[in-house]
2 protein chains.
Amino acid sequence: MKDVAAAAGVALKTVSRVVNDEPGVSPAMAERVAAAIERLGYRRNESARVLRRGRTATIGLVIEDVADPFYSEISRAVEDVALEHGSLVLSGSSGEDPRRERELVLTFCDRRVDGLIIVPAGSDHEYLLPELDAGVRAVFADRPGGLAEVDTVLCDNVGGARTGVAHLIRHGHRRIAFLGDSEAIFTARERLAGYRLALAEAGLPADESLITMGPESRTGAALRAMLAAPDPPTAVFTGNGRITVAALRTGHRPALVGFDDFELADALTPGVTVVAQTPGGLGRTAAELLFHRLSGGSGPAERIELPTRLIPRGSGELPP
Amino acid sequence: MKDVAAAAGVALKTVSRVVNDEPGVSPAMAERVAAAIERLGYRRNESARVLRRGRTATIGLVIEDVADPFYSEISRAVEDVALEHGSLVLSGSSGEDPRRERELVLTFCDRRVDGLIIVPAGSDHEYLLPELDAGVRAVFADRPGGLAEVDTVLCDNVGGARTGVAHLIRHGHRRIAFLGDSEAIFTARERLAGYRLALAEAGLPADESLITMGPESRTGAALRAMLAAPDPPTAVFTGNGRITVAALRTGHRPALVGFDDFELADALTPGVTVVAQTPGGLGRTAAELLFHRLSGGSGPAERIELPTRLIPRGSGELPP
DNA sequence: CTGAAAGCGCTTACAG
DNA sequence: CTGAAAGCGCTTACAG
């Protein structure tokens with residue numbers, strides 16, 4: 001910038017004005033400065049700018065795993081919204097490890113991100129307090145975090161699971177298994193609650209031997225064991241996309257409704273009936289809420305719940 | 001830092017030494033400073049550090065679309081390697097638009113990233129030259145860019161396609177269709193070349209009416225038209241994961257080998273035979289090469305080609 | 001082992 | 001409309 005100022009024969013401040021499109025520069029002078037910028041190939045140093053201004057025009061995104069289609073769709077949506085607002089995205093995968101989540105968040109804060117979108121791996125977010133005090137804005141997505149004063153965007157987990165299970169009941173099933181993710185995960189617990197709710201509403205008993213909670217690596221064995229037992233389930237409700245896929249991999253094809261839509265759900269035989277949420281919508285909503293706050297939006301913390309949608313494709317309409 | 005220095009009763013430089021684990025601080029003093037840091041909740045301002053040091057410990061990643069599983073696996077691998085080297089990743093999706101690629105890259109350069117990993121959307125990378133001169137390191141991944149002096153990591157596109165098509169020929173097919181992505185894309189052209197090579201090696205004629213190049217939105221119609229024509233193909237080779245999925249969606253199940261592995265390829269009936277590349281390996285190799293350069297690794301530009309692997313699952317072993 | 005001074009490249013606040 | 005000075009929070013280079 002100093003070189004540009006010298007080349008154009010003006011003061012530093014004038015170059016700064018031109019670079020930032022600030023008003024109050026005569027056209028002639030602006031022209032002269034622009035020419036010097038062009039000639040020298042000058043580009044503003046963002047680090048210096050950040051140091052002075054405080055805002056980095058960067059947000060941090062912490063998800064579980066970018067390689068998981070659910071989270072990569074969230075990523076894409078967040079990225080798109082950020083771009084619309086002239087921001088960039090630093091992202092990182094926590095791998096469901098609360099310590100890693102914390103580390104990533106704090107690293108992002110050291111880089112002075114303006115805001116954070118966090119898919120909480122843990123439930124304790126005390127560590128965020130000093131950062132929030134320092135002015136960082138945060139939004140929890142997909143799951144609530146441990147701080148009530150932070151905006152949160154979820155999907156209707158209970159309602160979605162309830163709808164899916166009710167659908168199986170309507171098609172005549174009485175013994176319906178629930179294969180969910182680890183109970184440590186909020187969404188897994190909520191969906192289990194929706195399952196129980198649907199059974200209760202239909203006056204059906206909840207047989208605990210038909211419920212398994214755990215990572216998808218254990219889904220296959222659990223399903224096989226249930227189907228081999230006396231009085232096996234005639235239908236299965238799977239608690240997320242990875243678990244649905246793991247269940248399908250077993251080769252068994254009981255009646256099935258899965259939480260989360262996934263690629264090729266319609267290409268299998270039969271097509272897989274799902275309760276679809278929109279990860280893109282989740283990401284977009286969280287990002288828009290964040291930028292709303294960053295541009296001064298005030299008011300109490302919001303808790304937004306996005307609807308789900310049942311998509312019948314065949315597997316959920318099989319008779320017992 | 002000033003506050004910490006005051007609180008500990010030492011000079012700024014001493015605090016800096018402690019914060020950066022520099023040698024030459026007496027244990028007693030280090031202790032005193034550490035206590036003050038703890039007490040005041042001090043955290044180093046990275047922007048100021050960057051401004052002074054030059055290095056940002058951040059790299060930029062430009063891919064086509066994070067929401068595409070192929071690229072999100074690359075992302076994850078790059079992120080992991082970056083973390084191992086204490087770096088963060090700014091990422092962006094170009095959407096196959098060369099202008100968007102350029103914009104993202106230059107924005108990343110404005111933020112003074114140390115290095116770039118680019119999946120080129122365009123073939124003209126003149127715009128990178130000034131940045132390279134300014135000291136940014138770059139690696140092209142998945143496709144070569146327009147600069148021979150830049151390190152490049154690819155997979156063996158020609159060899160992979162050749163192997164896949166030869167596999168179909170070995171199973172008795174004589175009329176094999178090729179459904180590839182747009183000819184504007186390097187990998188699509190290379191794979192088409194591999195297809196032609198395999199046919200030529202088997203002494204089979206290349207029937208141009210069996211070749212379609214274009215985005216996956218046109219795959220379904222193209223395949224249906226081919227199968228409805230007189231003398232239809234008995235087998236299909238699909239040029240990437242998205243196109244394979246689009247072909248499967250038609251419901252038709254000719255013999256098929258697809259480039260790229262994908263989730264559920266083994267759960268379909270029949271299982272889908274694929275030529276698998278390892279997106280994770282691509283990302284990891286590119287990132288490791290980048291960090292090697294960043295830590296001073298010299299020598300001429302490398303061009304690394306990763307092998308592919310044929311995975312027979314049924315669809316590629318169907319007879320004509 | 002410890003520190004005082006200068007400077008990285010900008011923007012802020014103020015003066016003219 | 002234009003500019004000179006101070007300062008953002010660090011690190012570098014040098015002195016003691």
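Just so we're on the same page: letters track the sequence lines, and every chain starts at 1.
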- Determine, step by step, whether V50(B) and V50(A) satisfy the side-chain contact (heavy atoms from CB on, under 4.5 Å) criterion, reporting the C-alpha distance in whole Å, the side-chain angles of both residues, the deciding distance to 0.1 Å, and the verdict. CA-CA 11 Å; V50(B) 162; V50(A) 162; over 6 Å; no

[X], nearest nucleotide to its side chain (from [options]):
{"X": "V10(B)", "options": "dT2(D), dG3(C), dT12(C)", "answer": "dG3(C)"}
{"X": "M1(A)", "options": "dC10(C), dC10(D), dG3(C)", "answer": "dC10(C)"}
{"X": "M29(B)", "options": "dT2(C), dG9(C), dG9(D)", "answer": "dT2(C)"}
{"X": "Y42(B)", "options": "dT2(C), dT2(D), dC10(D)", "answer": "dC10(D)"}
{"X": "R52(A)", "options": "dT11(D), dA6(D), dG9(D)", "answer": "dA6(D)"}
{"X": "N20(B)", "options": "dT11(D), dG3(C), dG9(C)", "answer": "dT11(D)"}

- Under 3.5 Å, is there a donor-acceptor pair between the E101(B) and H125(B) side chains?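 Yes, side-chain donor-acceptor contact under 3.5 Å.
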
- Query: K13(B) and E22(B): side-chain contact (heavy atoms from CB on, under 4.5 Å), yes or no, with the steps?
  - Reply: CA-CA 11 Å; K13(B) 178 61 211 176; E22(B) 281 173 35; 3.6 Å; yes

Roughly, in whole Å, what's the span from [atom1] in [X] to [atom2] in [N]?
{"X": "R53(A)", "N": "dA13(C)", "atom1": "CZ", "atom2": "P", "result": "11 Å"}
{"X": "R112(A)", "N": "dC8(D)", "atom1": "CZ", "atom2": "P", "result": "14 Å"}
{"X": "K2(B)", "N": "dT11(D)", "atom1": "NZ", "atom2": "C1'", "result": "16 Å"}
{"X": "L12(B)", "N": "dT11(D)", "atom1": "CG", "atom2": "C1'", "result": "10 Å"}
{"X": "R49(B)", "N": "dC10(D)", "atom1": "CZ", "atom2": "C1'", "result": "9 Å"}
{"X": "R55(B)", "N": "dG9(C)", "atom1": "CZ", "atom2": "C1'", "result": "20 Å"}
{"X": "K13(B)", "N": "dT2(C)", "atom1": "NZ", "atom2": "C1'", "result": "11 Å"}
{"X": "E46(A)", "N": "dG9(C)", "atom1": "CD", "atom2": "C1'", "result": "11 Å"}

- 5'-most contact on DNA chain C: L51(B) or P27(B), nearest heavy atom basis?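 Of the two residues, P27(B) wins.
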
- Closest nucleotide of DNA chain C for S26(B) versus for R17(A): which of these residues is on the 5' side?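 First, find each residue's nearest nucleotide; the 5'-ward one identifies S26(B).
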
- Message: Does V50(A) reach a base, just sugar-phosphate, or nothing at all? Heavy atoms under 4.0 Å.
- Response: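 It contacts nothing in the nucleic acid.
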
- Query: Looking across every strand, which nucleic acid part, if any, lies under 4.0 Å from A11(A) by heavy atom: base, sugar-phosphate, or nothing?
  - Reply: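 A11(A): backbone/sugar contact only, no base atoms under 4.0 Å.
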
- Query: Can you find an N or O donor on one side and an acceptor on the other, under 3.5 Å apart, linking the side chain of R44(A) with the base of dG9(C)?
  - Reply: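 No such pair is found, so the answer is no.
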
- Would you mind pulling out the nucleotide paired to dC14(C), Watson-Crick or G-U wobble, both distances under 3.5 Å?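 Looking at the geometry, dC14(C) pairs with dG3(D).
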
